[in-house]
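To start, the structure itself, in structure tokens.
Reminder, nothing fancy here: chain letters follow the sequence lines and each chain counts from 1. What's counted below: heavy atoms across the whole structure, side chains too, no hydrogens, waters or symmetry copies.
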Amino acid sequence: MAYSTKDIHQIEAKWQKIWDEKKIFKATFNSEREKYYVLEMFPYPSGKIHMGHVRNYTITDVISRFKMSQGFNVIHPMGYDAFGQPAENAAIKRGVDPAQWTYGCMDQMRTELKRMGFSYDWDRELATCDQDYYKWNQWIFLKMMEKGLAYKKGSPVNWCPSCETTLANEEVINGACWRCKNDVQQKDLEQWYLRITDYSQRLLDDLDTLDHWPQRVIAMQKNWIGKSYGVEIFFKVEKTEDILSVFTTRVDTIFGATYVVLAPEHPLVETLISGSAHEDVLRAFIQKVANESKSSRMSGENKKEGVYTGQFAINPVNGEKIPIWIADYVLMEYGTGAIMAVPTHDQRDFLFANEHGLPLRIVIQDPSRPDLVVDGMDAAYEGDGNLVNSQRFDGLPNREAIKKIGQWMEQEKIGTMTVHWRLRDWLISRQRYWGTPIPVIYCEDCGIVSVPETDLPVELPRNIQITGEGGSPLNHVPEFLNVACPCCQKDARRETDTMATFFDSSWYYLRYCSAKDDQQVFDKAEAGYWMAVDQYVGGIEHAILHLLYSRFFTKFFKDLGLVSIDEPFIRLLTQGMVLKDGEVMSKSKGNTVDPDAIISKYGADALRLFILFAAPPEDQLEWNDNAIEGSWKFLNRIWHMVDQRYLSSEKKIVKDILDEQDKILERTCHLTIKKVTADIDNYKFNTAISSLMILMNAMDKYKVQDGQAVKQAVLNHAIRTVIQLLSPFAPHLSEELWSRLGASDVSIIQAGWPRYDESALKQDEITIVAQVNGKVRQNFYVSADITKEQLKELTLSDEKIQLHMQGKVMRKFIYVPGKLVNVVV
RNA sequence: GGGCAAGUGGUGGAAUGGCAUACACGUUGGACUUAAAAUCCAAUGGCUGCAAGGCCGUGUGGGUUCGACUCCCACCUUGCCCACCA
């Protein structure tokens with residue numbers, strides 16, 4: 001019987017229904033069984049799924065089904081990261097209700113995900129915009145407030161004028177908004193922050209325990225956390241009592257400091273310049289820098305601009321009077337917002353000093369240019385060397401001097417050895433509607449009051465006007481805004497900002513463990529059993545944001561005593577992008593391929609198979625309309641194999657009665673089991689599939705005549721093996737064929753995962769490659785237990801080998817058992 | 001400027017230091033067919049040769065080794081991440 005598009009759609013629908021009705025993928029808490037938690041990064045419900053989703057979720061599905069077959073108690077949940085700006089933008093543009101729009105998209109996505117045949121436990125489905133989810137966002141926020149980890153402060157923040165909201169540091173990419181790519185501005189605002197910096201050290205240290213994370217993700221996080229050791233040095237400002245702190249990692253160059261520079265936003269700037277002779281010039285400069293966009297200010301290629309304040313600072317190591325400048329190349333966000341400038345040993349300072357005629361002094365000697373003087377410098381020397389012009393430290397190697405000077409400065413109380421972090425506290429306030437309301441009330445008498453736990457959730461009002469203008473829409477909803485103070489019952493008003501949606505996604509993997517629990521954030525015992533996530537799969541774009549925040553939340557829950565783990569995700573796989581014509585598929589480029597259309601043409605199994613076969617999961621994948629035909633053809637071949645060549649046979653496979661052809665197929669069969677099993681564990685889905693193709697090719701060559709019961713049994717074994725090994729990749733077809741073989745299992749998963757027999761892998765006869773001086777000249781087909789001496793004799797007496805030895809004398813004979821020999825002449 | 005990947009046929013890609021190009025796509029030829037599709041069979045790195053064969057070949061240049069796509073050094077190119085980070 002032929003296998004057609006009509007058949008695949010019938011078969012796929014049939015099995016999706018059986019899986020659903022028989023609850024094949026339902027995960028039940030059972031501490032007797034070994035669990036396995038497989039998770040993908042849940043989608044934003046934009047409506048249709050795209051090839052990126054298909055790739056991500058097919059990978060997790062293969063792992064999930066594989067682990068289920070192996071007998072693990074697998075939990076594989078799915079949900080939606082459902083709050084966020086696209087829904088709100090749709091509301092502004094088309095006047096639809098964001099909730100209605102979002103739930104509509106979720107329905108569509110669910111249908112498409114089911115069409116792919118993914119092995120989800122749908123009973124655990126969640127959406128972050130559900131009240132019974134975001135209620136717990138608010139609960140977590142209150143706990144953080146209680147522990148002093150959530151706090152409000154006024155400070156300069158990143159402001160995206162196009163999204164009309166604030167952004168976290170992690171959301172600013174090259175000075176632009178991560179979502180809309182517009183330039184980010186600085187604005188002074190009162191906002192809510194999470195004290196993630198309290199966890200800097202733990203977030204850094206525990207990266208070393210993540211042995212199964214990609215190295216580059218770990219490197220990116222380390223980089224982002226940015227720990228640097230240095231010294232904070234106290235400069236006195238001349239004629240005042242003010243102390244100016246600067247941070248440096250190069251305290252060995254302190255004797256070469258010839259001026260000090262402040263960021264224009266530095267708090268001391270105001271007192272330094274007020275009343276100065278050039279006050280207006282100075283203020284104009286500060287204003288000019290403030291007007292610059294973050295991206296241009298941080299570009300690094302700008303000319304370094306600055307102005308002299310007219311004031312001096314005293315270098316505490318030598319009492320020297322050095323001028324205080326203000327310049328745009330010093331950033332308030334890093335260190336203390338002030339630097340000591342050493343133009344001879346820092347290229348930025350060098351450029352600035354030359355520009356403004358500031359003095360230079362060499363304090364580290366370049367070993368390759370011992371006679372170098374200041375006048376001969378055309379660039380700063382940033383390498384190592386011994387100290388000069390540094391009083392009692394002269395002659396010390398600079399790396400040693402870093403320690404010695406630091407210790408000395410601590411003794412003299414003119415500096416302190418310290419650590420600076422790049423990581424900032426996480427700004428979570430957003431001036432948007434479609435998010436979790438921050439559960440806080442402002443009372444004139446009581447100040448900031450948290451909403452009592454019993455009043456949760458603070459409901460997000462529905463059916464309101466969303467215009468995109470006039471700040472947060474919640475400001476214009478009196479029923480929401482006006483509330484009695486929980487302390488004094490007087491009129492008060494609610495916080496109208498909502499939480500950044502990364503808050504929602506920082507703990508959803510815990511919620512899945514007891515998704516329907518309406519009493520608590522998650523069940524401690526269930527989370528204790530299911531967590532941590534054994535295998536997490538998602539895009540590299542979340543290497544910092546989501547993964548860092550989730551690690552922070554897990555550590556916070558540990559401190560609350562709700563979990564006992566330190567890290568949420570044991571194994572992490574970051575899958576590559578799907579490209580078309582060499583470019584990332586995107587709606588704006590118009591080069592998307594709709595998964596739904598592919599399913600309609602070839603079925604979900606062919607799509608799954610292609611997307612895994614075309615490239616290793618971490619690499620970019622180039623979509624190819626032709627190549628998917630190959631996957632479709634391969635599935636057809638398997639169908640025909642079962643349809644036309646599987647006949648029942650009573651015979652058992654006994655090694656003694658097998659002929660050479662039988663043994664070869666048996667051996668290929670066992671090799672394939674071994675290879676596919678190892679490959680799935682190592683994310684090598686492409687080679688797992690190719691080894692299944694090799695087994696199919698071997699079966700095609702293997703001939704069985706009528707009545708050859710032993711050969712039929714051998715072939716049947718191979719057929720059953722192919723179907724089982726294929727089942728994680730192409731589950732629908734595998735289920736159908738498995739049931740046609742007369743299996744009694746409800747699902748092929750219950751048949752278990754095939755095991756290979758080590759003894760079946762052994763070969764009686766093997767091929768040995770013979771080389772002369774490393775070049776292959778001959779092949780020998782010999783008994784597997786041939787000795788080195790026998791092989792040597794065989795090789796040296798071979799005509800071809802002799803020809804290539806050209807009568808020369810053998811110097812060495814290399815023998816690699818079971819593989820090759822090499823004659824060196 | 002710093003860090004991390006990667007560079008292999010016409011294409012996607014395989015190769016615990018041991019036969020480079022598995023598997024697939026594409027192409028070419030053949031079988032089946034009135035014809036086409038589908039399917040099946042065969043060939044398919046380059047140069048050279050009637051053939052057997054020979055030589056060359058994994059970004060470039062060196063090195064280690066009996067033997068290097070693989071390990072080491074330098075360089076080139078591409079991609080990603082970070083970056084006026086003090």
Review point. Would you say the side-chain atoms of A:E305 and A:Y329 include a donor-acceptor pair closer than 3.5 Å?
Key: no
Pick base, sugar-phosphate or nothing for [X], based on heavy-atom distances below 4.0 Å to the nucleic acid.
X	value
A:I694	sugar-phosphate
A:G226	nothing
A:H345	nothing
A:D700	nothing
A:Q620	sugar-phosphate
A:K684	sugar-phosphate
A:D346	nothing
A:V776	sugar-phosphate

For the side chain of [X], starting at C-beta, report the closest nucleotide among [options].
X	options	value
A:A615	B:rG13, B:rC82, B:rA86	B:rG13
A:N223	B:rG2, B:rA86, B:rC19	B:rG2
A:Y334	B:rA86, B:rU39, B:rC84	B:rA86
A:T687	B:rC23, B:rC84, B:rA15	B:rA15
A:R216	B:rC85, B:rG12, B:rC4	B:rC4
A:K633	B:rG26, B:rA15, B:rC66	B:rG26
A:R348	B:rG18, B:rA24, B:rC85	B:rC85
A:F613	B:rA24, B:rC55, B:rG18	B:rA24
A:L331	B:rA83, B:rC84, B:rG53	B:rC84
A:M220	B:rA15, B:rG18, B:rC81	B:rC81

Separation between the [atom1] atoms of [N] and [M], rounded to whole Å:
N	M	atom1	value
B:rU34	B:rA14	C1'	44 Å
B:rG54	B:rG59	P	25 Å
B:rA5	B:rG9	P	23 Å
B:rC73	B:rG79	P	25 Å

Check your understanding: When you look at A:F502 and A:W426, which way does the ring pair (Phe, Tyr, Trp, His ring centres under 6.0 Å) test go after all the steps?
Key -> CA-CA 10 Å; A:F502 280 108; A:W426 173 14; 7.5 Å; no
Review point. So, is A:N686 near the phosphate of B:rA14, with a side-chain N or O under 4.0 Å from OP1 or OP2?
Key: yes
Check your understanding: Are A:K819 and B:rG18 close enough that a side-chain N or O sits under 4.0 Å from OP1 or OP2?
Key -> no
Study note, to complete from the structure: Here RNA chain B, pairs taken as Watson-Crick or G-U under 3.5 Å and shown with ( ), [ ] when crossing and | when to another strand, reads (((((((..(((.....[....)))((((((.......))))))((((....))))..(((((..]....))))))))))))....
Exercise for review: For B:rG59, measure the glycosidic angle (O4'-C1'-N9-C4 for a purine, O4'-C1'-N1-C2 for a pyrimidine) and name it syn if it falls within 90° of 0, otherwise anti.
Suggested key: anti
Point to revise | NZ or CZ of A:K788 within 45° of A:Y815 ring axis and under 6.0 Å | key: no
